[in-house]
2 protein chains.
Amino acid sequence: MTTANTWTELLRERRLRVTRQRLAVLDAIAEHPHLSAEAVHAAVVRRLPEITVQSVYTVLHDLTANQLLRRFDPPGSAARYEARTDDNHHHAMCTVCGRIEDVDCARGEAPCLQAPTGLGMEIEAADVVFRGVCRTCVGDRSRQPA
Amino acid sequence: MTTANTWTELLRERRLRVTRQRLAVLDAIAEHPHLSAEAVHAAVVRRLPEITVQSVYTVLHDLTANQLLRRFDPPGSAARYEARTDDNHHHAMCTVCGRIEDVDCARGEAPCLQAPTGLGMEIEAADVVFRGVCRTCVGDRSRQPA
DNA sequence: GTCCCTGCAAACAATTTGCAACCCT
DNA sequence: AGGGTTGCAAATTGTTTGCAGGGAC
């Protein structure tokens, strides 16, 4: 795993201990972005059979709080996690099968939208979720979210 | 309640029966937008002491499915409901106190952002949530979500 | 009178919390 | 050795589901 060294460095930078569990979670999410907590656990138990779902939740929480992961909440389903924390990209979700794709921000700044003014609120960021139907699901609306 | 007649008409248009519970839920949300299901129940029990939280959930689900209400999921907290279904406005959320404000869409169309192309997905709409800190919470970060 | 809707209870899913044992440093 | 982390269990929150009685039409 060529990314292991990078994860180790990043963990050390944040004064976090380098554990097998954290490395496995980071590897799984780097390989398959947009995994839910359950899906992360399913991907990780193959290497660490003793890891529990609760530990995955703890790891995800700690790594998110330390900016190594980014969490986002698709409408109506469980939270997803990804390793791209450096940019301000957004997401597109297929309302039929639940698949999620990254959408690069056209303007490249955060927030990439015109930050609304006169709100009585200082805006720090904007989360954007596009909803639609992906090509595989067009013409086959009987599918269930995967 | 001057809106009662309007609600009655809208319910009849959708072939939905006009019940005290539905009118009370609609009134509560029209008066206080962005209520959660629990908050709707708390607001409604004052007039209908016998209503249960589960009935509120059912009413919210049915009215949302029939376009009388709009549901949206703020990141990390319970679903909220509002009566503005006619336009494509967005939301701004204070990350300190949890308060939510409407943000009118600058372009007035849905989706108001440049719909991304070449995605392998046909985009139908865009949900935008701005995150920030409202004026009352600036300088008092110790507050908890209300 | 018919059938949709409500009330009630139970189940369910996603996530958080408390504590002792463990292992990274 | 010491304290941050994990494993395990239980509790919590938000929401959905199944069914019998009741109210809208």
Side-chain angles (χ1 to χ4, degrees), chain A residues 4-5 7-26 34-42 44-45 47-66 68-69 71-81 98 144-146, chain B residues 4 7-26 28 34-42 44-45 47-66 68-69 71-81 98 144-146:
Chain A
N5 295 327
W7 293 141
T8 300
E9 291 168 15
L10 287 170
L11 286 167
R12 290 238 162 82
E13 279 178 18
R14 308 289 172 153
R15 308 282 149 81
L16 295 172
R17 294 195 175 168
V18 181
T19 66
R20 271 170 286 134
Q21 292 86 338
R22 285 174 174 168
L23 291 175
V25 165
L26 286 165
H34 313 140
L35 289 181
S36 66
E38 289 282 352
V40 170
H41 178 254
V44 164
V45 276
R47 293 191 187 178
L48 299 176
E50 71 277 15
I51 198 173
T52 63
V53 191
Q54 290 87 338
S55 291
V56 171
Y57 272 105
T58 306
V59 169
L60 291 171
H61 176 271
D62 292 347
L63 297 184
T64 302
N66 285 277
L68 292 190
L69 292 178
R71 166 186 173 155
F72 84 104
D73 301 75
S77 71
R80 314 286 187 113
Y81 297 84
Q144 293 301 314
Chain B
W7 294 140
T8 299
E9 291 167 15
L10 287 169
L11 287 167
R12 290 238 161 85
E13 278 178 18
R14 308 288 174 156
R15 306 285 149 82
L16 296 171
R17 295 194 175 169
V18 181
T19 66
R20 269 170 288 134
Q21 291 85 340
R22 286 175 174 170
L23 291 175
V25 165
L26 286 165
H34 313 141
L35 289 180
S36 67
E38 289 283 352
V40 170
H41 179 253
V44 164
V45 276
R47 293 190 188 178
L48 299 176
E50 73 276 15
I51 199 173
T52 63
V53 190
Q54 289 86 339
S55 291
V56 171
Y57 272 104
T58 306
V59 168
L60 291 171
H61 176 271
D62 293 346
L63 297 184
T64 302
N66 284 277
L68 291 189
L69 292 177
R71 167 186 172 152
F72 83 106
D73 301 75
S77 71
R80 313 287 187 113
Y81 296 84
Q144 292 302 313

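Chain letters run A, B, ... following the sequence lines, proteins first, then strands; residues in each count from 1.
- Residue A:V53 is out of contact with every strand shown, counting any heavy-atom pair closer than 4.0 Å.
- One N or O on the side chain of A:R22 and one on the backbone of A:R17 form a donor-acceptor pair closer than 3.5 Å.
- Atom pair B:Y57:OH and C:dA9:C1' shows a separation of 16 Å (rounding to whole Å applied).
- Counting non-hydrogen atoms under 4.0 angstrom, B:S55 reaches a base of the nucleic acid.
- Within the nucleic acid shown, A:E50 comes within 4.0 Å of sugar-phosphate atoms alone, with no base atom in reach, counting heavy atoms only.
- More than 12 heavy atoms of other shown residues, nucleotides or ligands fall within 6.0 angstrom of atom NE2 in B:H34.
- Phosphate contact (OP1/OP2 of C:dT6, side-chain N/O of B:T19, threshold under 4.0 Å): present.
- Rounded to whole Å, atom P of D:dT13 lies 16 Å from atom NE2 of B:H41.
- C:dT25 atom C1' lies 20 Å from atom CZ of A:R14, rounded to whole Å.
- Distances from the side chain of A:R12 to the nucleotides C:dT25, D:dT6, D:dC8 place C:dT25 closest.
- A:H41 contributes no side-chain N or O that, together with a main-chain N or O of A:Y57, makes up a donor-acceptor pair within less than 3.5 Å.
- Taking atom CG of B:L60 as the reference point, atom P of C:dG7 lies 13 Å away to the nearest angstrom.
- In this structure, OH in A:Y81 is found 8.5 Å from CG in A:L69, a value given to the nearest 0.5 Å.
- The distance from atom CG of B:L11 to atom P of C:dC5 is 10 Å, rounded to the nearest whole Å.
- Contact annotation: A:Q21 side-chain N/O to C:dC24 OP1/OP2 distance is not under 4.0 Å.
- One cannot find a donor-acceptor pair under 3.5 Å joining the base of C:dC5 and the side-chain atoms of B:R22.
- Of the listed nucleotides (D:dT16, C:dG7, D:dA9), C:dG7 has the atom at the smallest distance from the side chain of B:I51.
- The B:Q54 side chain lies nearest to D:dT17 when the options are D:dT17, C:dT15, D:dT6.
- Note: B:D73 CG to B:S36 OG = 12.0 Å, rounded to the nearest 0.5 Å.
- When distances run from any side-chain atom of B:R20 to the nucleotides D:dT5, C:dT6, D:dA24, the shortest one goes to D:dA24.
- With rounding to whole Å, B:L16 atom CG is found 14 Å from C:dC3 atom C1'.
- If you check C:dT6, D:dT6, C:dT25 against the side chain of A:V18, the one that comes closest is C:dT25.
- One distance of note links CG of B:L63 with CG of B:L11; it measures 6.5 Å at 0.5 Å rounding.
- Contacts of B:R15 with the nucleic acid, taken as non-hydrogen atoms under 4.0 Å apart, are absent.
- Taking atom CZ of residue A:R17 and atom P of nucleotide D:dG2, one finds them 13 Å apart after rounding to whole Å.
- Comparing C:dT25, C:dT15, C:dT16 against the side chain of A:A37 picks out C:dT15 as the nearest.
- With rounding to whole Å, B:D73 atom CG is found 13 Å from D:dG14 atom P.
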